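Here the structure comes first, spelled out in structure tokens, and everything after it is commentary.
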Amino acid sequence: MKIPQSVRQVIEKGPLAHFVTLGADGNPQVTVVWVGIEDEEFVLGHLALHQKIKNIRRDPRVALSLLGDKTNAQGLREYLVVHGNARVTDGGAVPLLQRLAPLYLGPGAEFPPPSMRNISGYVTRTTPTRFSGIGPWVQ
């Protein structure tokens with residue numbers, strides 16, 4: 001599924017996202033994450049083997065929820081929900097986090113700190129299957 005320009009514009013502003021995976025018992029596990037876009041996938045960088053990675057490896061169904069910065073004509077704040085399937089790739093977390101750091105921490109920001117830059121980490125790649133919420137991305 002192609003990511004609409006309206007969704008790309010929200011992501012480019014660096015909103016924190018709520019990333020939802022499913023635990024072994026079927027309950028949602030929610031984490032706040034930085035998110036970027038590469039090609040037609042949403043990407044997240046992780047420096048450690050967190051529970052969300054274990055959850056994705058067992059069940060790839062995920063959701064991302066992001067609050068936009070616009071208010072619609074009815075006075076409602078726009079928000080985006082991305083429904084999709086994720087996969088985890090080994091390595092690549094540091095370059096991704098370095099690319100996203102200025103967006104989330106401010107111009108010139110560097111993350112992770114030098115002492116953690118040798119960690120290969122993980123990258124979660126989510127292929128969207130549906131967009132919902134309030135905004136121009138809703139059909």
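For the numbers below, each heavy atom of this structure counts, side chains included, while hydrogens, waters and symmetry mates do not. Since the structure is predicted, the reported quantities are computational estimates derived from the model, not experimental observations.
No path of Ile, Leu, Val, Met, Phe, Trp and Tyr side chains, each step under 4.5 Å between heavy atoms, connects V32 with V30, placing them in separate hydrophobic clusters. Hydrophobic clustering places V123 together with L16 (ILVMFWY residues linked when any side-chain heavy atoms are closer than 4.5 Å, directly or through intermediates). L76 and L80 fall into different hydrophobic clusters, where Ile, Leu, Val, Met, Phe, Trp and Tyr residues are linked whenever their side-chain heavy atoms come under 4.5 Å apart, directly or through other members. No single ILVMFWY cluster, assembled from side-chain heavy atoms under 4.5 Å apart, contains both I56 and V81. There is a path of hydrophobic side-chain contacts, each under 4.5 Å, that joins L49 to F19.
Note: E12 CD to I37 CD1 = 7.5 Å, rounded to the nearest 0.5 Å. In this structure, NZ in K70 is found 14.5 Å from CD1 in I134, a value given to the nearest 0.5 Å. If you take CG on L44 and CG on L96, they are separated by 7.5 Å, rounding to the nearest 0.5 Å. Interatomic distance, I11 CD1 to L64 CG, rounded to the nearest 0.5 Å: 7.5 Å. In this structure, CZ in R58 is found 7.5 Å from CG in L22, a value given to the nearest 0.5 Å. Rounded to the nearest 0.5 angstrom, F111 CZ and R117 CZ are separated by 9.5 Å.
Contact check for T71 versus E78: no side-chain heavy atoms found under the 4.5 Å cut-off. Side-chain atoms of V7 and L66, non-hydrogen and from C-beta on, never get closer than 4.5 Å to each other. Counting heavy atoms from C-beta on, the side chains of H50 and Q29 never come closer than 4.5 Å. L47 is listed as a side-chain neighbour of P112, based on a closest heavy-atom distance under 4.5 Å. Residues Q9 and W137 form no side-chain contact, since every pair of their non-hydrogen atoms from C-beta on lies 4.5 Å or further apart. With a 4.5 Å cut-off on side-chain heavy atoms, E110 and P102 do not count as touching. Using a 4.5 Å cut-off on side-chain heavy atoms (C-beta onward), P15 and V10 make contact.
Scanning for ring-ring contact (aromatic ring centres under 6.0 Å, His included) contacts around Y122 gives an empty result, with sequence neighbours left out.
Between G133 and V138, the shortest heavy-atom distance links the atoms O-CG2, 3.2 Å. Contact record, P28 with V20: CB-CG1, 3.8 Å, taken as the closest heavy-atom pair. In terms of heavy-atom proximity, N55 sits nearest to A24 at OD1-N, 4.4 Å. Between G121 and A93 the shortest heavy-atom distance is CA-CB, 3.9 Å.
The only member of T124, T126, T127 that meets side-chain hydrogen bond (donor to acceptor under 3.5 Å, both in side chains) when paired with E41 is T127.
Other residues, nucleotides and ligands place more than 12 heavy atoms under 6.0 Å from the NE2 atom of H83. Summarising the local packing, CG of D39 is surrounded by 12 or fewer heavy atoms from other residues, nucleotides or ligands at distances under 6.0 Å.
With hydrogens and angles ignored, the 3.5 Å screen pairs no side-chain donor or acceptor of Y79 with any backbone N or O of S132.
Identified under the side-chain hydrogen bond (donor to acceptor under 3.5 Å, both in side chains) test for residues 60-69, with sequence neighbours left out: K13-D69, D59-R61.
A salt bridge does not link R125 to E40: none of the charged nitrogens lies less than 4.0 Å from a carboxylate oxygen.
Under the 30°/60° scheme for interplanar angles, the aromatic rings of F42 and F131 are found to stand perpendicular.
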